[in-house]
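Starting off with a structure, shown below.
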Amino acid sequence: MMSDATTPRQRRLTRARGAAYLAGLLPALVAGCLPAAAEPLRAVLELYTSQGCAVCPPAEHYLGDLARRPGILALTFPVTYWDYLGWKDTLGHSLFTERQRGYASGRGEVRVYTPALVVNGGATLPGDNRAGIERIVQEARAGTGLRVPVRSEEQGDRIVVEVDADPNPPGRADVWLVPLLRSRAVTVERGETKGRVAAYVNVVRGLYRLGAWTGQAARFEAPRSAVRVGEADTYAVLVQGALGGRPGRIWGAAKGPGL
């Protein structure tokens, strides 16, 4: 049996030991409250899809899964070439159709299709080819990622983008501000896909060129109004090679708020 009675000296020793214990524990508690450093972006995934595409829903759902993974920027580009089937895609834009055709032209191809997924402006494969996509994404994440670091932040009514230097730049690139609508579900009311629900994530609503990047550290600014189009509620930044007016490899990217 132990007594509850203690001497003043014992109480002082107990308090000192307790203070020392808390002093040692505090840094660990503080560290546990700090957010983990975000994984650098390693893959930009572009899904080309359409509300008039009957086989696209699995790919759209899969892109939503991919968008939640660290190190990935997932983008949805609704195209317009299926509009003749009786339903005009409510989010489609001819600019996105031409972007997909530009990728195809760069590969020496004529035809385009949906769903199609482009990885880092290079490899293209069917958007429902999960095994192939997983392999390419894992390869990208196992590598060094996108080679050019990019940062963006909002300063008052301006969006400021900084692109780091590269001592061995792979070539000329354009810097794009990409307005995004983070989520949207659309029910098709007419045409061959009547009744289908398109559930989108990170729908691109436009492409706003900030300027050229040639390998030197660069800073760009744009008004916040530049990304307030088509109900966009955030944005991304792309540093992308330019190949005779066609989109090329993506060398760097950054996520905006909420992504």
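Computed from a prediction, not measured in an experiment: that's the story for all the values here.
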Between Asn202 and Val204, does the side-chain contact (heavy atoms from CB on, under 4.5 Å) criterion hold? Intermediate values first, please.
CA-CA 6 Å; Asn202 301 341; Val204 176; over 6 Å; no
Only counting residues at least two apart or in another chain, list the ones meeting side chain to side chain donor-acceptor pair (under 3.5 Å) with Tyr103.
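Residues passing side chain to side chain donor-acceptor pair (under 3.5 Å) with Tyr103: Glu46, Arg99, Gln240.
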Using a strict cut-off of less than 4.0 Å between a Lys/Arg side-chain nitrogen and an Asp/Glu carboxylate oxygen, indicate whether Glu60 and Arg196 qualify as a salt bridge.
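Looking at Glu60 and Arg196, the cut-off is met.
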Give, for atom CZ of Phe96 and atom OG1 of Thr49, the distance between the pair rounded to the nearest 0.5 Å.
12.5 Å
Taking Val229 as the starting point, is it possible to reach Leu95 by hopping between hydrophobic residues whose side chains are less than 4.5 Å apart?
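In one cluster with Leu95: Val229, no.
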Give the other cluster members for Tyr113, using side-chain heavy-atom distances under 4.5 Å between Ile, Leu, Val, Met, Phe, Trp and Tyr residues; answer none if it is isolated.
none
What is the minimum heavy-atom distance between Cys56 and Ser50, and which atoms define it?
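Closest approach of Cys56 to Ser50: SG-N, 4.2 Å.
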Mind checking what makes side chain to side chain donor-acceptor pair (under 3.5 Å) contact with Thr124, not counting sequence neighbours?
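Testing Thr124 for side chain to side chain donor-acceptor pair (under 3.5 Å), a comparison that skips the adjacent residues, returns Arg107.
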Before accepting this row, confirm whether a basic side-chain N of the pair Arg151/Asp164 lies closer than 4.0 Å to the acidic partner's carboxylate O.
yes
With sequence neighbours left out, what residues match Arg101 under salt bridge (Lys or Arg N to Asp or Glu O under 4.0 Å)?
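Residues passing salt bridge (Lys or Arg N to Asp or Glu O under 4.0 Å) with Arg101: Glu98.
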Residues that Tyr48 engages under ring pair (Phe, Tyr, Trp, His ring centres under 6.0 Å), provided they are two or more places apart
Phe77
Excluding Leu66, membership of its hydrophobic cluster (Ile, Leu, Val, Met, Phe, Trp, Tyr; side-chain heavy atoms within less than 4.5 Å) reads Leu45, Leu47, Tyr62, Leu63, Ile72, Leu117, Val119, Leu125, Ile133, Ile136, Val137, Val201
Quick check on Gln155: does its CD atom have over 12 non-hydrogen neighbours (other residues, nucleotides or ligands) under 6.0 Å away?
yes
Supply the members, apart from Tyr235, of the Ile/Leu/Val/Met/Phe/Trp/Tyr cluster built from side-chain contacts under 4.5 Å; use none for a lone residue.
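Reading the cluster by chain and number, Tyr235 sits alongside Val148, Val150, Ile159, Val161, Val163, Val175, Leu177, Tyr208, Leu210, Trp213, Phe220, Val227, Val237, Val239, Trp251.
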Checking salt bridge (Lys or Arg N to Asp or Glu O under 4.0 Å) for the pair Arg246/Glu109: CA distance, chi angles, key distance, verdict?
CA-CA 13 Å; Arg246 302 188 303 267; Glu109 299 173 359; over 6 Å; no
Of all residues at least two apart in sequence or in a different chain, which pass the side chain to side chain donor-acceptor pair (under 3.5 Å) check with Gln138?
none
For Ser94, give me all partners under side chain to side chain donor-acceptor pair (under 3.5 Å), at least two apart in sequence or on another chain.
none
Measure across Asp89 and Gly92 and return the closest heavy-atom pair with its distance rounded to 0.1 Å.
OD1-N, 2.9 Å
Once you round to the nearest 0.5 Å, how far does CZ of Arg147 lie from CG of Asp166?
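Taking CZ in Arg147 and CG in Asp166, the distance rounds to 4.0 Å.
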Using only atom types and a distance under 3.5 Å, with no angle test, would you say the side chain of Asn120 pairs donor to acceptor with the backbone of Val44?
yes
Output all residues satisfying salt bridge (Lys or Arg N to Asp or Glu O under 4.0 Å) with Asp83, sequence neighbours left out; order by chain, then residue number.
none
Distance in Å, Ser183 OG paired with Tyr200 OH, rounded so as to fall on 0.5 Å steps:
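If I round to the nearest 0.5 Å, the distance is 13.0 Å.
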Quick one: do Tyr84 and Val188 end up in the same hydrophobic cluster if we chain Ile, Leu, Val, Met, Phe, Trp and Tyr together by side-chain heavy atoms under 4.5 Å apart?
no
Closest non-hydrogen atom pair, Lys88 against Gln51:
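What the structure gives for the nearest pair is O-OE1, 4.3 Å.
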Quick one: list whatever passes salt bridge (Lys or Arg N to Asp or Glu O under 4.0 Å) with Arg190, sequence neighbours left out.
none
Single-linkage hydrophobic cluster Leu180~Leu91, side-chain heavy atoms < 4.5 angstrom:
no
Determine whether Pro78 and Val203 make a side-chain contact, defined as any pair of heavy atoms from C-beta on separated by less than 4.5 Å.
yes
Residues Glu154, Arg158: salt bridge by 4.0 Å N-O rule
no
Minimum heavy-atom separation for Gly256 and Thr234, please, with both atom names.
C-OG1, 3.5 Å
Closest approach of Ala226 to Pro179 (non-hydrogen atoms, all atoms of both residues):
O-CG, 3.8 Å
Identify the two heavy atoms, one from Leu73 and one from Ala253, that lie closest to each other, and give their separation to 0.1 Å.
CD2-CB, 4.2 Å
Between Val118 and Tyr81, is there a shared hydrophobic cluster once you connect ILVMFWY residues whose side-chain heavy atoms come closer than 4.5 Å?
yes
Is there a donor-acceptor contact under 3.5 Å linking the side chains of Trp82 and Thr114?
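Trp82 vs Thr114: donor-acceptor pair found between side chains.
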So how far is it from Thr76 OG1 to Arg205 CZ, rounded to the nearest 0.5 Å?
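So the gap between those two atoms works out to 10.5 Å.
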For Arg219, give me all partners under salt bridge (Lys or Arg N to Asp or Glu O under 4.0 Å), at least two apart in sequence or on another chain.
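Partners of Arg219 by the salt bridge (Lys or Arg N to Asp or Glu O under 4.0 Å) criterion, ordered by chain and then number, come out as Glu162, Glu221.
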To the closest 0.5 Å, what do you measure between CG (Asp174) and CG (Leu238)?
11.0 Å
Please tell me if the side chains of Val55 and Pro115 come closer than 4.5 Å, counting only heavy atoms from C-beta onward.
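Side-chain contact under 4.5 Å: yes.
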Looking at Arg224 and Asp157, is there a salt bridge between them, counting it only when a charged N and a carboxylate O are closer than 4.0 Å?
no
With distance as the sole test, does Asp233 use its side chain to make a donor-acceptor pair with the main-chain N or O of Arg182 at under 3.5 Å?
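Yes, Asp233 side chain to Arg182 backbone: donor-acceptor pair under 3.5 Å.
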